[in-house]
Amino acid sequence: MPALSSTMTEGKIVSWIKSEGDVLSKGESVVVVESDKADMDVETFYDGILAAIVVPEGESAPVGAAIGILAETEAEVAQAKAKAASAGAAAPASHPVASTPVPAVSPPERKKVAESAPSGPRKTVATPYAKKLLKQHKVDINSVVGTGPFGRITPEDVEKAAGIAPSKSVAPSAAPAASPKPAPAAAPAAPLLPGSNVVPFTTMQAAVSKNMIESLSVPTFRVGYPIITDALDALYEKVKPKGVTMTALLAKAAAMALVQHPVVNASCKDGKSFTYNANINIAVAVAINGGLITPVLQDADKLDLYLLSQKWKELVEKARSKQLQPHEYNSGTFTLSNLGMFGVDRFDAILPPGQGAIMAVGASKPIVVADADGFFSVKSKMLVNVTADHRIIYGADLAAFLQTFSKIVENPESLTL
């Protein structure tokens, strides 16, 4: 199971493109996997025969776990099927107890791999971190015996081969021992009401939950600003027949304002420094069936309004069909969330991890205003609230940004240049 995004911890098999017994070529799509954000085709990195499918359609597996077995020759197919059968027989026992049964299942596999290694030349597989340690400690990969699933070389194997005491093994062993204790205490605290139904998170919902919890560690503040939108509404009516959306107008206005206020486009990820991002990538929150995703309009300040709108429509279509590539949803530097189409007049948005600010846009509604001479008139007003990371963005920075954004929206001619 590959890691298809930086936040992915497990994947769900949507469908197998290939069947058992099919001959595969390097780079050929084999299986469709649902990650935390999208459905993606997974390719094979080797030539061979798909001898056995370990994880069937509809089931999930953690990143790094075997989901299928590739045989190099016809002679290996029977052995691979036997491995898959033994893994499948052990699977029901491992599901209810999470990670505890894994060490009990894996030793027989390790022995089989070690015993069968001399029978012929095979490709040695190692985890990405294990490969890094191999290079760091100058250890020959052929001298390391893998103890992971199906002979996969783990970081602990490399440390053992290099003569280093694996210090990391203490933490994981302590964690499983500690984690079951609070779980029983939490269970009786929230009894289910009669007729209630527990629905597990989808992969996407789990990713959203993780990000929202992570965002709680960032000290944020919020600034609201009223903006008159009569001119923007008039421009929208002109360009709407040409395929321009209000989302594209707002994204373009935000990008133009960020050019003048780069600190609002900055990000802080380690709590010790911050980065002025070289690109202005506007992520826009989109509700899709079963979750939320933020397709990214990359270099929004450099694209004209019509190209931006075309790009946005393509991104929305891909998002709703769960076909976004990782760089199309995880490269945002500033986020825009618009609930105005639902009649919401104002709301606060939660800051996404790794970004400096997010703008929440409410509906444009008519109000009565008085000018400097005391004459009354009716104008449309929109409220925007920006949530920002106070470690890098201060109140004056955000106020100045909102003033610039307001001027662009109230005098929108520059949006079409």
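Quick caveat: nothing in here was measured; it's all calculated off a predicted structure. Just so you know, these numbers use all the heavy atoms, side chains as well, and skip hydrogens, waters and symmetry mates.
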For S15 and E57, what are the C-alpha separation, side-chain angles and deciding distance, and is it a side-chain contact (heavy atoms from CB on, under 4.5 Å)? CA-CA 5 Å; S15 63; E57 295 179 1; 3.7 Å; yes

Interatomic spacing from [atom1] in [X] to [atom2] in [Y] - rounded to 0.5 Å:
X: I358; Y: D389; atom1: CD1; atom2: CG; answer: 13.0 Å
X: L216; Y: N211; atom1: CG; atom2: CG; answer: 11.0 Å
X: S309; Y: K252; atom1: OG; atom2: NZ; answer: 10.5 Å
X: L415; Y: L308; atom1: CG; atom2: CG; answer: 10.0 Å
X: Q323; Y: L315; atom1: CD; atom2: CG; answer: 13.0 Å
X: T416; Y: K242; atom1: OG1; atom2: NZ; answer: 9.0 Å

Side-chain touch [X]/[Y], heavy atoms, less than 4.5 angstrom:
X: N385; Y: R346; answer: yes
X: I228; Y: K381; answer: yes
X: I293; Y: K322; answer: no
X: K18; Y: I53; answer: no
X: N265; Y: Y276; answer: no
X: L297; Y: K311; answer: yes
X: D397; Y: H261; answer: no
X: K160; Y: V145; answer: no

Mark yes or no for whether [X], through its side chain, and [Y], through its backbone, hold a donor-acceptor pair below 3.5 Å.
X: T333; Y: N281; result: yes
X: S215; Y: M212; result: yes
X: D345; Y: A363; result: no
X: K407; Y: A257; result: no
X: D301; Y: M256; result: no
X: T275; Y: N277; result: no
X: E59; Y: I13; result: no
X: T202; Y: Q205; result: yes
X: K313; Y: G243; result: yes
X: D371; Y: D373; result: yes

Qualifying residue, where the test is side chain to side chain contact (heavy atoms under 4.5 Å, CB included) with [X] and the options are [options]:
X: V344; options: L383, V361, L339; answer: L339
X: M1; options: I67, V54, V31, V55; answer: I67
X: W312; options: I282, V284, L307; answer: V284

Applying side-chain contact (heavy atoms from CB on, under 4.5 Å) to I153 and V158, what does each step give before you reach the verdict? CA-CA 7 Å; I153 294 175; V158 179; 3.8 Å; yes

Would you name the heavy atoms of [X] and [Y] that are closest together and state the gap between them?
X: F405; Y: L250; answer: CE1-O, 4.0 Å
X: G271; Y: R391; answer: CA-NH1, 3.7 Å
X: V244; Y: Y236; answer: O-CE1, 3.5 Å
X: S60; Y: K12; answer: OG-CB, 3.6 Å
X: L303; Y: Q298; answer: CD1-O, 3.8 Å
X: V33; Y: G11; answer: CG1-CA, 4.1 Å

Between F334 and F401, does the ring centre distance come in under 6.0 Å?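 Yes, the ring of F334 comes within the 6.0 Å limit of the ring of F401, centre to centre.
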
Ignoring hydrogens and angles, state whether a donor on the side chain of S273 or D270 is under 3.5 Å from an acceptor on the partner side chain.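 Side-chain D/A pair, S273 to D270: present.
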
Which residue is it: S406, S364, S380? I am looking for the one with a side chain to side chain donor-acceptor pair (under 3.5 Å) to T229.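 The option that passes is S364.
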
For the pair V369 and S377, evaluate side-chain contact (heavy atoms from CB on, under 4.5 Å) and give the outcome as yes or no after the intermediate values. CA-CA 6 Å; V369 296; S377 61; 3.6 Å; yes

Could you go step by step and tell me if D157 and T154 meet the side-chain contact (heavy atoms from CB on, under 4.5 Å) rule? CA-CA 5 Å; D157 298 330; T154 67; 3.0 Å; yes

